[in-house]
> 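Pasting in a structure now, in structure tokens, and then I'll have a few things to ask.
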Amino acid sequence: MHFAVKYVLTFLLACDVDGRGINGGVSCAACTIVTGIVGQLAQIHNETILAASMRLCEVLPSAVEEHCINVIKTLEPFLINPKFSEIFTPDVFCYGIDVCYLDRGQGYCHLFSKPVTNFRNTVQEMKKLVWTSSHMRNGLKKNEFHQHLQQLDFDVCSLPAIHELCEMFNRSWGLIQPAFDVDRDWFSVVGPARGTFWRGRDCCDWDFGSYPGRQPFNGDVTADYNCNGIWGFNPVTGTPWEDILCKDFDSRGIIYVGDSVGAHFHFPESWINPLLISKETLHNYTEPLMNELDWPHLGFATGFMNTTEPLLIKGVTDSLYLKLRSRNRCNHRDYQNLSKNGASSYDGMTYVESLARNHSTDKPILFLYGMYGNDVCNRFSDSVPHMTSAVAFHENVMNVLTTLNAVLPFGSHVILIGLVDGGFIYPTMANRIHPLGQFQGNIRYNDVYAWFNCMEMGPCSAWMNSNVTLRKMATLRSQQLSVVLKNIAAKEQFAAFSLHYLDNPVLKVMWGWKQQGKPLWQLIDPVDSLHPSQLAQPLIARVLWDDIMRNFPEALGDENPNNQRIEELFGNQGGH
């Protein structure tokens, strides 16, 4: 039952599935969540667990529906046993079928309420019920029965209908490059899988010499080589439109390197809240999965469109890219988002290697480095030793900057953004009801945090923790690493670019929201409660833009007086 959520939990936890957590890790978590959803669907529709399980299978995409039904048939003998409902809780069930188990020296972890009787005894009772029910129904021997149960934990990518999707995803995920790219210039004409949702659309995907951000070729008289939608010449004077409209106004693109905040991670609430789950909310799972459950096309860094899936994500879009484009329409399509879930300063060199910019043939760039939290956040109960030290952080950042100096065109600007202080998360969210518990009102965020920390699989054990001292230690490390960035920006100089520093925008966004008398929880994504919501995205863009304008406006290039004429001549410039 849990395979679909197991696949997306990979990205919810911003880490690979294998080896993630203890007591069964991600597989255990997925089993617990899906079983919890099924149990609530049974109550909502006043039906048995078996009927609710089949109901959930039926709303899943057709590619996985058949396998889901086969799994339910495996479980059917004990799902219909009257004793099952008497001892059932999602946690007990998943321990009972051995998807969850006890690692050496560990205790039971639970998300839902504990059984009335002893947890261990109830789990043993569930194990016995599972075995005896299946033995009586199917006559299976124990070894055959356990082989049967292994169907519950399988590789979703083994399904024929999803195999190719996984292959494309693995290419884009591992290389941070488009899965679909005919001419291999790292720009695409397809949206997801690191395509146009992440980088500007290629206007000629069969020509390696045509891509967003390059300098115009011979004024782009014969073709739009830089893909900004401006080409040809003035028939009266014979002068290229690129020269007339763009040449003297310092156009530039934007590249953002960061973690899941920069990528705009978002797990749809309608996929986990039993009150919202439906065929409609699950009809388009392919695109979010191929985008790693990120929504960069709606985010504060490189967003360029409003949502077309209001059942999955709501809110308007504004971004640094859109503001840069509005300032100078010659910047059209010149954006790259190289952020990745789980990224820290140790990954910076990987992202620089996937940067599509040539120092000799391309326009200057506004490059932002925003690793918000993973140098502080980790999943371990002893969180502090796993945080990045100031010395290692300095070395990691300097390696990136040194490499950028050899790659970026002269006249570029690099901005280092300080780390976020996530100390507000626990006090803001802890006592609120989590979407998974909204129907019964029985799961609060602090329950989720405690469960994550017990299983050592949460995205940030330090800040998502009832331990005030640990939260303060995380904040202190965040501040120390931000000081490292500030000192680098103040002391280091590079030939290819000017270097700047900005404080993290999130707290300023929170403060402004609070000053308006609005609750802070609205700015936090509701499922993981770690990332900024869609409502917060344009606010972050505004704060960053205003700070750049106030401190170093030269990083944004000129405001182009020809913007209106560009629109009159070239309309939407080919769109995005």
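All residue numbers in this chain count up from 1 along the given sequence.
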> Going by distance alone, is a donor N or O of one side chain under 3.5 Å from an acceptor N or O of the other, for N291 and W198?
yes
> Determine the sole option in L111, V448, N273 for which the side-chain contact (heavy atoms from CB on, under 4.5 Å) test with L436 is passed.
L111
> Any luck finding a side-chain donor-acceptor pair between N396 and S345 under 3.5 Å?
yes
> Minimum heavy-atom separation for G195 and P178, please, with both atom names.
CA-CB, 4.4 Å
> Just checking, any donor-acceptor pair under 3.5 angstrom between side chains of W463 and T475?
yes
> Could you tell me whether the side chains of S278 and E280 share a donor-acceptor contact shorter than 3.5 Å?
yes
> Check for a donor-acceptor pair, side chain of K83 on one end and backbone N or O of E125 on the other, with a separation under 3.5 Å.
no
> Please step through side-chain hydrogen bond (donor to acceptor under 3.5 Å, both in side chains) for the pair N337 and T302, ending with a clear verdict.
CA-CA 6 Å; N337 192 319; T302 56; 3.1 Å; yes
> R194: which residues meet the salt bridge (charged side-chain N to carboxylate O under 4.0 Å, His left out) condition with it, sequence neighbours left out?
E292
> State whether a side-chain donor-acceptor pair under 3.5 Å links S339 with Y351.
no
> Does a donor on one side chain sit under 3.5 Å from an acceptor on the other, for D525 and H266?
yes
> Compute whether any side-chain donor of one residue and acceptor of the other, for S461 and N453, lie under 3.5 angstrom apart.
no
> Judged by modelled atom types alone, do S381 and E456 share a side-chain donor-acceptor pair under 3.5 Å?
yes
